[in-house]
Every structure is written in C-alpha cells, then in structure tokens.
Amino acid sequence: MTESPHTPPTPETPHDQTMHPLEAQRRANREAAVSAGLNPYGVRVDGLVTLAEAGSRYDEGADQDQKANGKAEGFADRRPVVKVAGRVMLLRDNGKLLWINLRDASGDLQVAVSQRDCAEPGFAIAKSIDMGDIVVAEGPLTKTKTGEVTVWATSIVPGAKCLVPPPEKHAGLSDHELRYRMRYVDMWANPETTRVFQLRSRIVSLLRRLLDGLGYMEVETPMLQTLAGGAAARPFKTHMNALDISLFMRIAPELYLKRLLVGGLPRVYEINRNFRNEGLDARHNPEFTMLELYHAFGDMETVMGVTESLTREAAAAVAKEQGLPHSGAFTLPFGELAIDYGSPFMRVRYGDLFERVLGVKMSDRGAVARLAAEKRVKAKDEKGIALDHWLIVNNLFEELAEPTLDHARPTFITHYPSAISPLTRPNREDPTVADRADLFIGGMEIAPHYTELNDPDVQASKFKEQLAGLDDEESTFRNFDEDFVNALKVGMPPAGGMGLGIDRLVMLLTNQRTIRDVVLFPLMRPLESQQDAPTDA
RNA sequence: GGGAGUGUAGCUCAGUCGGUAGAGCAGCGGCCUUUUAAGCCGUAGGUCCAGGGUUCGAGUCCCUGCGCUCCCA
C-alpha cells in the first residue's frame, strides 16, 4: 500500500522519514497554540452543552433587543451565553471575521470569530485552525442576517489537533473500506453513521427494559467454552495456557441458559456476542450479537408472542424517534419495502406454504422427486448420491416457497418438518413436524423459536445421531455434552426458547443493507502493516 | 466457492483510438468583518494497487496476484 497520512506509522517507519506534507503542515499549524501558551490538545472544560442544546437556547427577543439597543449606555445584554465543543467541519476565513461550522454527535452549529469581539489568544488560535480540529468556543447566541443561529465567540481554545487531513468537505468519506477501517472518521464525516449507532443503542436498551418488565433476568454465560454447542456452526478455537486445554469461542449460549432453567431461574435472557468461524457477507460478521431467551413452563407460542411484542415496540420507538406514525398498522422503510410492524405478524405452516406454492404435498415422495427434477433443484450431494427426501423438500422450500412470502409483512413459518430439525422437540399431536417457528422479516431470517426438548434420553440420542453424521473436520470440534445431558437428568421444566439476531433487527429498523453498517467495527482483513507476527501456535 | 465491477493527488472523481498525469475540494502565499460548498489572485502536490507481458511507446491492451464493492451458492 502506498504511504499516506491514513497509514499509521509503524516502528519501522519513523515519522520523520514518511510524513506526508499535509501532516507536516498541520504539525506546523499546531505550534500556533503552543506559542500562545495553550495546549493544542486541550484541558478539562466544565459547563459544556451539546451543539443541539446550544442551538435550542437561542432567545429571539434578547437577540433583537441587543441588535436594537446594544450600543446604548448601560444596556444589559440578555442573550444566552453557551460553551460548546466540536469538530471543525467547514471554515470560511474573511480576514478579520471567521465562520466555523462545528459538529458533535448531536448536530452542527455555526460559530463566528470576530477580531473585534474575540479575546486574544482566541482570535490567533482561530486563524490557525485546520478543518477536522476539535475546538471549544464560548459566546452569546445570535442570528446572522441570513437567519442562522450562531455562537458569537468571545473565546476560542483548542480541544485537539487533527493531524490527519479530513475527508473532502461535501462528498465526505464514501470509500467503504476507509469508512469501516476508520470508523472514528466515518462517524463525524457521515453523521448518518452516528445516528444508526445511536438508534442501535436505544433499541438494545429498550429490549432490556421490556424484558426486565416481563420478568426475565439478564445473565452472562461463558463465551469461552470447552465444547462449542447449541448450534451447528464452526467455532473459533483458542488455547488456555494455565490449564493447557483447548477452548472454543461460543457459537451459542443455549446449553448454559438451559442449565439455568434446571437451576431454577424461571425466565432468563442474554444479549451478547456469538462467534462463528464461517463466511463473511452482507448478513454475516464472524462475531454478532444475539438475544437468546428461555421461558420455563412456556412453549414456542409463548416466546413467539414475546418476539412479536419486542419487535413491534422497538419498531415503534424507532418510528417515533423519526417522527413517523408509530401506532396502528405503522411501517418502517427497508430499501424498497415499507415493512408493517404494527399489524399482527403473519403465520404460515411450513407444509401449507409448500403445498400452496408448489402444488404437491411435502410428504409425497414421488411428486417431490419429480418436482425437484423439473425445477432443477439440488437433489444430489457432491458425490452424486441422492439426497434424503426431506433435504430435497427443504431445498424446494427455500428456493421456491420462502421467497413468495410478503417481505413487507413479518411472518412466522411454523411446523417445520422434524426430519430437518434434528435437535428440536417433535410436535405432540404430529411428530413428523417440529415445535419450531422462524420469524422472517424483509426476506431475512430474524429469530427461531422452539418448544425445548427436556427429556434427557431423547436429547442424548439426538446428540448421538448428530455426531454420527459428522465428517472428520466437524468431529474435531463437536462432542457429546455429557454435563448438559446430566443437567436434563436433574430435570429441566418444559420451556419455550428464542434467539433474536440483534444485528439483523437493527439493520431492518434503521434501513441499513449490510451488517457492516450496524456493527461499529466490522471485521476487516488486516493491513499488512497491522498483522501480528506469526506465532508458534 | 462462482460471476460482475473496481483500484489514478489527503478526499471525491475524470482520463477519448495506446502518444507529455487532469479537475474540484483540502493544502500553501496573498486580499477580504455577515459567510453558508464563501469569494478573488497566485502556487505546490503522483510508486496511476503490485509483478510480469505485448509495443518504438502502457494509467489505458494481455496475464498473474492482492485489496475492496455488489450479486449468486
């Protein structure tokens, strides 16, 4: 990669040999603060208000009064005085009057620095400011003749020097790679980025508040696990020196949360990171956030109700925040869709949808085989061996039936075939279908729901079946969880369980098309200069 | 894993048929006390992702690799 101010210097490339001229210039400009006796990196400042708050304190009457009578003998200026800090986004230097547009996480505000009204060294500091610097300004609020609320500075002090040239001032930072690698620039160059993460934070705290109100207790279970259970995914493996054992980053908290039901907690949830050592695309980041919850003496229906109300409440909060309708059949935009979160979520049985779209019963082996051939849906594995009937059914379902769902209506698909839900409890009335329901919104799978298996003997045999089907590679990280089966032997109450993908939910509610836009620091391939030296392990 | 696109100044982007590397913003030197992407005059800034090939000549064409983006599995 070519040398640029955006390439962090490494020990092997000292500053003085690689410094970009634009950085050198900014270092020189930094000296203005030093020679004025100020620290270019600032000091503690008390009494700051956000830029949005400062702007809202503008007093029209006091401003008019000042403009009319300001020069009169003994006139008292009643304009509110504010102290603000922000990053310099725009800078217009008219010689003896400078216009500075500041930005913070709350918004933007203009500051005027007049040689006549700003005490030294403030004016000298203002003259040395570079775009991207953080400055602190204080002064009364006024409106310019074009009507813009402005802090008329009586003092300016440095907050922090920006030695790296900021992005272009109108086009901003649009290069996706740079945006993700330098989120700390993206966040102020593109205020929309900060807004998404503010919403994400509010959504997650609302979910916690709602769950707490419903009597669920938040818990934290191991992220480092000796067995990577609870889902079918490849784990990240690490090593613990003290005990000289292998550990896995968890792929799901499920088996620990269920142990807590055995321990007597009636309703538990965890909102935390899972890690899966798999692909990386618009909907997958190797670490992602999941809300997983369990409800003792509930079932699939119980937790479906919880998911529906959590989703609706979160959507309503986002809609309200944006000044959109948030009751009745209200919607939020997602790409081209207007997703209806207000109406009751749709429900469709897997088998009914299959039959309606494909015209044959999923249990009709002959018809399914003919249909797979006709529709050219995968019916053989890599070795050319015919797939199991139910796998063909699922391929047909995922390719042809699932896409026909109305993406603008959140929909639960229920009654999955037991044959493709190996770890799930079979339905009491019809054991060929499983007590499992998946919520789909906007074409994305958001949350699976289960009536949990709590018979230790059934669980043990399902573990064994699963292990028998593993290839050599899978066998290296999957194992029989004796202790979990032992917990079930102690006795787990019947329960409903649910797992809600927080990143995908946030994507939907904030109208972002990729998971990288809702994860603050998405995983990126490291730059060569930032790679760790190879280790022995 | 497959396909498509893309990589040029700090940033955002042009670069025609293969013929001297371009613009805007940012920067630097001036002027300017009500600007809104301020304006005006002047000025500097390049490993065209990397390596190889074709050619008198490659940012441009070909090959290989790498990064990133999008789509598909």
Side-chain angles (χ1 to χ4, degrees), chain A residues 1-8 18-30 32 55 63 66-67 87-103 108-118 123 126-133 139 141-153 162-182 185-186 188-190 278-284 335 376-378 380-382 394-395 398-399 402-403 443 512-517 522-531:
Chain A
M1 161 150 197
T2 54
E3 197 55 51
S4 85
H6 287 148
T7 308
T18 62
M19 195 191 300
H20 191 280
L22 292 174
E23 180 178 338
Q25 181 60 49
R26 281 165 177 264
R27 286 176 179 273
N29 297 346
R30 188 174 65 175
D63 194 24
Q66 164 70 21
K67 279 170 180 155
R87 209 174 272 277
V88 176
M89 300 305 297
L90 295 171
L91 190 56
R92 297 176 292 285
D93 182 348
N94 291 20
K96 297 189 177 67
L97 175 65
L98 293 83
W99 302 95
I100 299 169
N101 290 70
L102 292 185
R103 174 171 295 166
D108 291 13
L109 189 66
Q110 177 169 269
V111 175
V113 189
S114 159
Q115 189 172 37
R116 193 180 297 139
D117 300 312
C118 186
F123 188 74
K127 292 292 274 187
S128 74
I129 285 173
D130 287 306
M131 283 201 280
D133 288 1
L141 287 161
T142 185
K143 264 189 186 170
T144 63
K145 66 184 187 188
T146 54
E148 180 158 352
V149 174
T150 300
V151 177
W152 201 267
C162 179
L163 293 175
V164 176
E168 208 270 348
K169 68 187 184 186
H170 346 286
L173 187 67
S174 59
D175 183 297
H176 284 87
E177 183 178 0
L178 289 179
R179 288 185 51 218
Y180 301 138
R181 286 194 193 280
M182 295 193 298
V185 174
D186 180 34
W188 48 269
N190 300 309
E278 299 187 337
L280 191 144
D281 63 31
R283 288 180 174 71
H284 297 87
R376 300 176 183 284
V377 164
K378 191 178 170 203
K380 287 179 181 166
D381 68 11
E382 290 71 18
N394 201 43
N395 287 343
E398 286 182 359
E399 278 190 43
E402 210 176 274
Q512 300 298 310
R513 303 300 291 189
T514 87
I515 194 169
R516 289 190 202 93
D517 290 325
L523 187 87
M524 302 289 286
R525 185 180 298 277
L527 299 174
E528 250 173 75
S529 61
Q530 296 180 330
Q531 264 166 349

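Chain naming here is simple, since letters A, B, ... match the order of the sequence lines and numbering starts at 1 in each.
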Looking only at atom [atom1], what distance separates [N] and [M], rounded to whole Å?
N      : M      : atom1 : result
A58(B) : G51(B) : P     : 14 Å
G53(B) : U12(B) : P     : 33 Å
U33(B) : U69(B) : C1'   : 47 Å
G22(B) : G46(B) : P     : 13 Å
U8(B)  : G67(B) : C1'   : 16 Å
C32(B) : C41(B) : C1'   : 12 Å

Worksheet item: How would you label the contact of Thr142(A) with the nucleic acid (heavy atoms, under 4.0 Å): base, sugar-phosphate, or nothing?
Response: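 It contacts nothing in the nucleic acid.
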Worksheet item: NA contact type, Leu90(A), heavy-atom cut-off 4.0 Å: base, sugar-phosphate, or nothing?
Response: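 The residue Leu90(A) makes sugar-phosphate contact but no base contact.
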Go through the structure and list residues passing salt bridge (Lys or Arg N to Asp or Glu O under 4.0 Å) with [X], not counting sequence neighbours.
X         : answer
Asp117(A) : none
Asp63(A)  : Lys67(A)
Glu177(A) : Arg181(A)
Lys127(A) : Asp93(A)

Give none if [N] has no partner; otherwise give the nucleotide forming a Watson-Crick or G-U wobble pair with it, both distances under 3.5 Å.
N      : value
A4(B)  : U69(B)
G19(B) : C56(B)
C28(B) : G42(B)
U33(B) : none

Between the protein and nucleotides 33-35 of chain B, which nitrogen or oxygen pairs come in under 3.5 angstrom?
| residue | atom | partner | partner atom | Å |
| --- | --- | --- | --- | --- |
| U33(B) | OP2 | Asn94(A) | O | 3.4 |
| U33(B) | OP2 | Lys96(A) | N | 3.4 |
| U33(B) | N3 | Ser114(A) | OG | 3.2 |
| U33(B) | O4 | Arg116(A) | N | 3.3 |
| U34(B) | O2' | Lys145(A) | NZ | 2.8 |
| U34(B) | O2 | Lys145(A) | N | 3.3 |
| U35(B) | O2' | Arg92(A) | NE | 2.9 |
| U35(B) | O2 | Arg92(A) | NE | 2.7 |
| U35(B) | O2 | Arg92(A) | NH2 | 2.5 |
| U35(B) | O2 | Gln110(A) | OE1 | 3.3 |
| U35(B) | N3 | Gln110(A) | OE1 | 3.1 |
| U35(B) | N3 | Gln110(A) | NE2 | 3.1 |
| U35(B) | O4 | Gln110(A) | NE2 | 2.9 |
| U35(B) | O4 | Thr144(A) | OG1 | 2.8 |

Applying side chain to side chain donor-acceptor pair (under 3.5 Å), can you list everything that pairs with [X], at least two apart in sequence or on another chain?
X         : result
Gln25(A)  : Asn29(A)
His284(A) : Asp281(A), Arg504(A)
Arg30(A)  : Tyr41(A)
Ser174(A) : none

Practice prompt. Side chain of His20(A) only, please: which of G10(B), U12(B), C70(B) is the nearest?
Written response: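 Taking heavy atoms from C-beta onward, the closest nucleotide is G10(B).
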Please report the distance, rounded to the nearest Å, between [atom1] in [X] and [atom2] in [N].
X         : N      : atom1 : atom2 : answer
Leu178(A) : C68(B) : CG    : C1'   : 10 Å
Arg179(A) : C11(B) : CZ    : P     : 15 Å
Arg525(A) : U69(B) : CZ    : C1'   : 14 Å

Discussion item. Does a side-chain N or O of His176(A) approach OP1 or OP2 of C68(B) to a distance below 4.0 Å, or not?
Written reply: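 Result: no.
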Worksheet item: So, is Arg513(A) near the phosphate of C71(B), with a side-chain N or O under 4.0 Å from OP1 or OP2?
Response: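 Checking Arg513(A) against C71(B): no side-chain N or O falls below 4.0 Å of OP1 or OP2.
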Practice prompt. Please name all residues satisfying side chain to side chain contact (heavy atoms under 4.5 Å, CB included) with Asn101(A), sequence neighbours left out, ordered by chain then number.
Written response: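 Result, side chain to side chain contact (heavy atoms under 4.5 Å, CB included) vs Asn101(A): Leu90(A), Arg92(A), Gln110(A), Glu148(A).
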Using a cut-off of under 3.5 Å, enumerate the N/O to N/O pairs linking the protein to nucleotides 26-31 of chain B.
| residue | atom | partner | partner atom | Å |
| --- | --- | --- | --- | --- |
| A26(B) | OP1 | Lys169(A) | NZ | 2.6 |
| C28(B) | OP1 | Asn29(A) | ND2 | 3.1 |

Fill in: Short side-chain to backbone donor-acceptor contact, Arg103(A) and Asp108(A), under 3.5 Å
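Not confirmed, Arg103(A) side chain does not pair with Asp108(A) backbone.
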Discussion item. Tell me whether Arg26(A) contacts the main-chain N or O of Cys162(A) through its side chain, where contact means a donor paired with an acceptor under 3.5 Å.
Written reply: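 Indeed, once roles are kept as given, a pair shorter than 3.5 Å links the two residues.
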Item to complete: Would you mind reporting whether Tyr180(A) and Asp186(A) have side-chain heavy atoms less than 4.5 Å apart?
Response: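 They are not in contact (no side-chain heavy atoms under 4.5 Å apart), so the answer is no.
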Produce the list of close N/O pairs, under 3.5 Å, pairing protein atoms with atoms of nucleotides 5-8 of chain B; give distances to one decimal.
none

